[in-house]
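Here the structure is a predicted model, which means the values were calculated and not measured.
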Amino acid sequence: MAVSHRGAISFGMVHIPVGLYTATQDNDIHFNQLCKEDGSRVKYKKVCSGCGKEIGSGDIVKGFEYEKGKFVTMTEDDFEKAKSEKDKTIHILHFTDLQDIRPIYYDKTYHAVPEQGGDKAFELLRRAMKEENKVAIAKTVMGTREKLLALIPTDDGILIETLFFAEEVKEAPKELTPPAIQDAELTMAKTLISAMVQPFRPEQYKDEYKSKLWQIIQQKIQGREITTPAENVQVNVIDIMEALKQSLAKVRSDG
């Protein structure tokens, strides 16, 4: 697996060299765009708006528009010049409780792997955070952007989550006014939740839609007719208490 980012975790005066490796992968079924008339692939060309010529990636540079129609170009060296050694370091700002980070702030997950000479300091940090039930908030520069990070200790390593900055997170589209809830309704809802509690085991959850989609693709390749089984229609129950009772009865019968 290729390393996505190299740096060093700065923990007080301690520096721990690490490599970051992506922790998730794309398993989606990908499609190509085809011409409806003859089924040929649709291609996209990059064309210069000035001369009209098609250009390759090697002929493209990044530019910032500081006035309408006026640009200043930037090279990779320019971006590197903006980074200090401190920027390249995963600098721990402070420690906090995991529950203090709202899920909406999480962006992408990486495995942090200690590089040569960093094993002991890495394990010391992991174990200390784990035993204190704390996570670290840090900052670094990855690519051309500064990233806010959360370092989360696990039983055998450290996960690094990139976080959105506060100005990147949108507020809810409207403020909700909570309706009145009856005590009996709340008690029944809690009972249903308790009846449905079980450990989270990621391996037991499968992407069923992708499996059915792949099945349809195979049937089409083989020239077979696509059949869709009839589904049971769920009837909405207006009475919340009745819906909770029916749900609880079903959970208990399935168990």
Side-chain angles (χ1 to χ4, degrees), residues 1-6 19-80 82-83 103-111 140-149 159-165 167-174 201-236:
M1 185 188 300
V3 64
S4 297
H5 178 78
R6 276 195 168 90
L20 303 191
Y21 297 80
T22 53
T24 57
Q25 61 187 9
D26 179 7
N27 287 331
D28 282 349
I29 298 173
H30 296 278
F31 296 89
N32 293 307
Q33 291 186 323
L34 307 177
C35 174
K36 187 176 181 180
E37 187 174 324
D38 65 4
S40 299
R41 287 275 301 273
V42 175
K43 295 184 177 180
Y44 293 90
K45 296 180 179 180
K46 293 180 179 179
V47 179
C48 174
S49 61
C51 65
K53 292 181 181 179
E54 182 179 352
I55 56 176
S57 58
D59 300 315
I60 299 174
V61 295
K62 293 178 181 177
F64 175 77
E65 188 174 22
Y66 62 93
E67 287 182 17
K68 184 67 175 177
K70 293 183 179 181
F71 299 86
V72 59
T73 58
M74 297 286 287
T75 66
E76 292 304 318
D77 285 342
D78 292 326
F79 289 112
E80 287 302 316
K83 299 178 188 176
I104 196 171
Y105 284 94
Y106 290 116
D107 181 19
K108 191 172 183 179
T109 309
Y110 293 89
H111 291 294
T140 193
V141 174
M142 298 175 68
T144 60
R145 293 187 59 193
E146 186 171 60
K147 295 285 188 179
L148 187 64
L149 309 171
L159 292 178
I160 292 188
E161 297 275 354
T162 58
L163 304 174
F164 290 109
F165 286 99
E167 62 266 24
E168 297 176 295
V169 176
K170 294 182 178 180
E171 294 295 328
K174 64 177 183 178
R201 297 187 177 92
E203 65 277 2
Q204 74 183 29
Y205 309 105
K206 308 298 180 184
D207 187 341
E208 296 179 19
Y209 174 75
K210 186 178 75 173
S211 298
K212 289 187 285 187
L213 188 59
W214 183 245
Q215 195 174 48
I216 289 173
I217 291 172
Q218 294 302 313
Q219 289 176 353
K220 278 183 167 284
I221 291 173
Q222 297 167 18
R224 291 159 57 189
E225 182 181 351
I226 307 301
T227 57
T228 304
E231 295 186 4
N232 294 326
V233 179
Q234 180 70 40
V235 178
N236 289 331

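- Scanning for salt bridge (charged side-chain N to carboxylate O under 4.0 Å, His left out) contacts around Arg145 gives Glu168, with sequence neighbours left out.
- With rounding to the nearest 0.5 Å, the separation of CD1 in Ile217 from NZ in Lys220 is 10.0 Å.
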side-chain contact (heavy atoms from CB on, under 4.5 Å) between Phe164 and Lys170, intermediate numbers included: CA-CA 11 Å; Phe164 290 109; Lys170 294 182 178 180; over 6 Å; no
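- Tyr205 meets the ring-ring contact (aromatic ring centres under 6.0 Å, His included) test with Phe200; sequence neighbours excluded.
- Atom CZ of Phe165 has more than 12 neighbouring heavy atoms from other residues, nucleotides or ligands inside a 6.0 Å radius.
- Rounding to the nearest 0.5 Å places CD1 of Ile160 at 11.5 Å from NE2 of His111.
- Applying the salt bridge (Lys or Arg N to Asp or Glu O under 4.0 Å) test to residues at least two apart or on different chains, the pairs with a partner in residues 45-73 are Glu67-Lys70.
- The environment of CD in Glu167 is crowded: more than 12 heavy-atom neighbours from other residues, nucleotides or ligands sit within 6.0 Å.
- Atom CE in Met142 sits 4.0 Å away from atom OH in Tyr110 (nearest 0.5 Å).
- For the pair Gln218/Ile221, a side-chain contact is recorded, criterion being any heavy-atom separation below 4.5 Å from C-beta on.
- If you take OH on Tyr106 and CG on Leu163, they are separated by 7.0 Å, rounding to the nearest 0.5 Å.
- At a threshold of 4.5 Å between non-hydrogen side-chain atoms, the residues Phe71 and Val61 do not count as touching.
- In this structure, Ile29 CD1 and Asp207 CG are separated by 8.0 Å, a value rounded to the nearest 0.5 Å.
- Surrounding CD of Glu203 are more than 12 heavy atoms belonging to other residues, nucleotides or ligands, all under 6.0 Å away.
- Summarising the geometry, atom CG belonging to Leu149 is positioned 7.0 Å from atom OG1 belonging to Thr162; distances are rounded to the nearest 0.5 Å.
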